[in-house]
Structure formats: structure tokens, C-alpha cells
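If you're wondering where the values come from, they're calculated on a predicted model, not measured in any experiment.
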Amino acid sequence: MRLCQMQVRQIQEKDWEACWHIQRSDHPHNEPFSADTWLFICKNLTDSFVVVDDNDYPVGYWIGALNINKHEETPDIWCLAIDVCTHRDYRKAGVMDLIMPVATQYHQRIYAFTQKDNVPAEGIMTKWGFKKEWYSEEHDMHYWTYEREDNVS
């Protein structure tokens, strides 16, 4: 990996192939998204972000979609963090330290699920103020929530 100036921007349609490669670069995801799914995500899930290198090429992503959160006592609109990943060549280069402050400032409330033994994801969630809530044995996943203190709703 060469050193570069990375920055965060909203996901764009042109990012689909890079995101496809990022997810396949060593992601613990059981079923990586197809090329068609990535094209759909990059065209339509505009509440998502990528970290790009100095050539505007994505090296990490944070995929989110606004959704009614049925897991809370009072269902309301939250952002569901669908998937987060850094290309293996950029791990430990600060990609998540760039993207997480943007995602948590952009969204008032976020919820997510992590697989039981996904230690990197748990570290990221904890570092950025997410609360580990309940565990689903059926799905072998933890439920996490984030609510910004200046929540205006």
C-alpha cells in the first residue's frame, strides 16, 4: 500500500465495481453482494459513504439505508448500517477513523447487527459510541444502536 491522501464522500454509481472488489478482498460476509446489487446500492442508497484515495478510487465503504427500526419500543426512522468494509490492502490505515465520524454526524440514529465473533466490527462500533444491546442466538448476531446526543427528534 502506498501512502495517499484519503477522503470521504457520498457513494456514487461509478463506485459499484470498486465496492464489489472491496467486499471480496477478505470480508467475513457470508454471501457477498452481486455486481447487480452493488450497482443498485451505488445508484440508490445515497445515505452511504466511501473512503477514496487520491485518485478518487474507493478503498472502503459504509452502506446505510433509512428504515423503520422495528427493534425499538417505539418504531421510528433510523439508518440501518447494512455493511462496512475496508479493502484488505488498506486495513489499519485509518479508513474507519475517516468514515465513522461522517456517518455518525450525518445520521441521528443508526442501528446495526454484527456477527458474534466479528472482533474488528465490535471494535469499530465501540470506538464510535455504539451501544451493544441484545444478542440473537437464532441469527448469531449482536444488535447495536447509536443515537447522537444532539438528537433533535
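Counting Ile, Leu, Val, Met, Phe, Trp and Tyr side chains that sit under 4.5 Å apart, directly or through other members, V119 stands alone, with no cluster partners. Applying the under-4.5 Å side-chain rule to Ile, Leu, Val, Met, Phe, Trp and Tyr, the cluster around Y57 consists of that residue alone. Residue L66 belongs to a hydrophobic cluster whose other members are I68, I77, with links defined by side-chain heavy atoms closer than 4.5 Å.
Between the side chains of W78 and E72, no donor-acceptor pair is found at a separation under 3.5 Å.
Around the NZ atom of K43, the shell of radius 6.0 Å holds no more than 12 heavy atoms that belong to other residues, nucleotides or ligands.
Note that the CD atom of E137 and the NZ atom of K116 stand 7.5 Å from one another [nearest 0.5 Å].
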*asked:* Determine whether W62 and Y106 satisfy the following criterion, ring pair (Phe, Tyr, Trp, His ring centres under 6.0 Å), listing intermediate values before the conclusion.
replied: CA-CA 12 Å; W62 188 95; Y106 187 83; 8.6 Å; no
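Looking at E17, Q23, H21 one by one, the single match for side chain to side chain donor-acceptor pair (under 3.5 Å) with W38 turns out to be Q23.
When atom types are taken as modelled, the side chain of R24 and the backbone of F33 share a donor-acceptor pair closer than 3.5 angstrom. Of the possible polar contacts, one joining the Q10 side chain to the T46 backbone as a donor-acceptor pair under 3.5 Å is found.
Aromatic ring orientation, Y135 versus H142: tilted (interplanar angle from 30° to 60°). The aromatic rings of Y146 and F130 sit tilted, their planes meeting at an angle between 30° and 60°.
Every residue meeting the side-chain contact (heavy atoms from CB on, under 4.5 Å) condition with H71, not counting sequence neighbours, appears here in chain and number order: N69, Y111, F113, W134, Y143. Annotation: salt bridge (Lys or Arg N to Asp or Glu O under 4.0 Å) contacts of R9 (sequence neighbours excluded): D15, D56.
Closest approach of V8 and L98 over heavy atoms only: CG2-O, 3.4 Å.
Residue pairs meeting the salt bridge (charged side-chain N to carboxylate O under 4.0 Å, His left out) criterion with at least one partner in residues 126-136, sequence neighbours excluded, are D97-K127, E122-K132.
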